[in-house]
Amino acid sequence: MDCLFCSIISGEIPSSKVYEDDLIYVFKDIDPQAPVHLLIIPKLHIDSLDEVEEEHRELLSHILLKVKDLAKEFNLEKGYRLVANTKEEGGQSVAHLHFHLLGGRSMQWPPG
Ligand code: 5GP
Ligand code: ZN
């Protein structure tokens with residue numbers, strides 16, 4: 001399968017890695033939308049949040065439980081935003097499930 005984020009996980013495409021374990025890979029977004037803009041992705045290829053199943057429960061918990069550690073590491077004590085753009089109208093451009101962790105500036109609402 002030809003997937004950009006799978007190629008980043010395998011190291012075939014270079015990335016600025018922040019964290020890695022058996023289940024997830026975290027790296028800096030190439031086009032940051034905030035002073036801190038990380039992408040948290042499962043090593044398992046899942047197209048989007050719309051394709052997650054019961055069997056992914058532990059993986060999803062693992063991702064969400066990692067967020068505050070990353071926020072602490074990047075000094076986001078004032079707050080941050082976690083985003084999962086999902087499918088076409090959600091603004092997803094890479095079809096490998098990913099969570100954007102954004103921080104270091106005040107976020108606006110509603111998003112565009
Ligand atoms: P989406 O638009 O699917 O929610 O998010 C995809 C994100 O991947 C975008 O923020 C985009 O900047 C980032 N991205 C796309 N290609 C690359 C790449 O080759 N390396 C890195 N580090 N980020 C990428
Ligand atoms: Zn993939």
Side-chain angles (χ1 to χ4, degrees):
M1 195 197 337
D2 201 21
C3 168
L4 175 64
F5 286 176
C6 282
S7 300
I8 284 178
I9 292 163
S10 72
E12 194 185 320
I13 293 176
S15 65
S16 299
K17 182 172 89 172
V18 165
Y19 173 82
E20 178 179 18
D21 62 27
D22 288 352
L23 296 177
I24 65 175
Y25 189 90
V26 183
F27 57 110
K28 294 185 179 175
D29 197 293
I30 205 168
D31 182 21
Q33 301 302 311
V36 176
H37 187 169
L38 307 179
L39 295 171
I40 308 168
I41 65 177
K43 288 189 169 175
L44 178 70
H45 180 96
I46 300 169
D47 277 1
S48 82
L49 207 49
D50 207 43
E51 277 76 32
V52 298
E53 303 288 352
E54 180 60 35
E55 69 198 68
H56 303 129
R57 180 179 290 272
E58 194 184 331
L59 174 60
L60 292 168
S61 305
H62 185 70
I63 290 171
L64 291 178
L65 289 168
K66 194 70 204 166
V67 170
K68 70 171 187 182
D69 295 344
L70 291 164
K72 190 165 191 187
E73 184 181 340
F74 283 83
N75 304 309
L76 302 179
E77 59 283 332
K78 286 184 174 170
Y80 49 85
R81 184 172 287 177
L82 189 70
V83 175
N85 296 327
T86 303
K87 294 183 152 178
E88 196 182 335
E89 289 204 354
Q92 184 176 6
S93 62
V94 178
H96 180 127
L97 175 62
H98 52 282
F99 294 85
H100 298 257
L101 176 58
L102 298 143
R105 67 168 170 83
S106 262
M107 300 294 160
Q108 306 302 309
W109 194 264

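First listed ligand is number 1; within each ligand, the first listed atom is number 1. Here the structure is a predicted model, which is why all the values come from computation and not from measurement.
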> With a 4.5 Å limit on heavy-atom distance, are the side chains of His62 and Ile24 in contact?
Replying inline: yes
>> In the structure I gave you, are the side-chain heavy atoms of Arg105 and Arg81 within less than 4.5 Å of one another anywhere?
In response: no
> Can you tell which of Lys28, His98, Gln92 gets a heavy atom nearest to atom 22 (N) of ligand 1?
Replying inline: Lys28
> Taking only heavy atoms of Asp31, which atoms of ligand 1 are found under 4.0 Å from at least one of them?
Replying inline: 12 (O)
>> Can you report which non-hydrogen protein atom sits closest to atom 7 (C) of ligand 1, along with the distance?
In response: Asp29 OD2, 3.5 Å
>> Between the Zn ion (ligand 2) and His45, which N, O or S atom of the residue is the nearest one?
In response: ND1
> Starting from atom 23 (N) of ligand 1, which protein heavy atom do you reach first, and at what distance in Å?
Replying inline: Ile30 N, 3.3 Å
> Relative to the Zn ion (ligand 2), which of the N, O or S atoms in His96 is the closest?
Replying inline: ND1
> Charged N to carboxylate O below 4.0 Å: is that the case for Asp69 and Lys72?
Replying inline: no
>> Taking 4.0 Å as the limit for heavy-atom contacts, which would you say applies to Ile13 with ligand 1: side chain only, backbone only, both, or neither?
In response: neither
> If you measure from each heavy atom of His100 to ligand 1, is any distance below 4.0 Å?
Replying inline: yes
> Considering only heavy atoms of Val94, which atoms of ligand 1 have at least one such atom less than 4.0 Å away?
Replying inline: 3 (O), 6 (C)
>> When you compare ligand 1 with Leu4, is there at least one nitrogen or oxygen pair between them that comes in under 3.5 angstrom?
In response: no
> Minimum heavy-atom separation for Lys28 to Leu38, with atom names?
Replying inline: CG-CD2, 3.9 Å
> What are the two closest non-hydrogen atoms of Phe5 and Leu39, and how far apart are they?
Replying inline: CZ-CD1, 3.8 Å
> Is Ser15 in polar range of ligand 1, meaning some N or O pair under 3.5 Å apart?
Replying inline: no
>> Within the 4.5 Å heavy-atom criterion, are Ile41 and His96 side-chain neighbours or not?
In response: yes
> Looking at side-chain heavy atoms only, is the closest gap between Glu73 and Val18 below 4.5 Å?
Replying inline: yes
> N/O to N/O below 3.5 Å, does that happen between Phe5 and ligand 1?
Replying inline: no
>> Under a 4.0 angstrom heavy-atom cut-off, which atoms of ligand 1 come close to Ser93?
In response: 1 (P), 2 (O), 3 (O), 5 (O), 6 (C)
> Any donor and acceptor pair, going by atom type alone, linking the side chain of His98 with main-chain N or O of Ser48 inside 3.5 Å?
Replying inline: no
>> Using only atom types and a distance under 3.5 Å, with no angle test, would you say the side chain of His56 pairs donor to acceptor with the backbone of Val52?
In response: no
> Heavy-atom contacts under 4.0 Å between Val83 and ligand 1: side chain, backbone, both, or neither?
Replying inline: neither
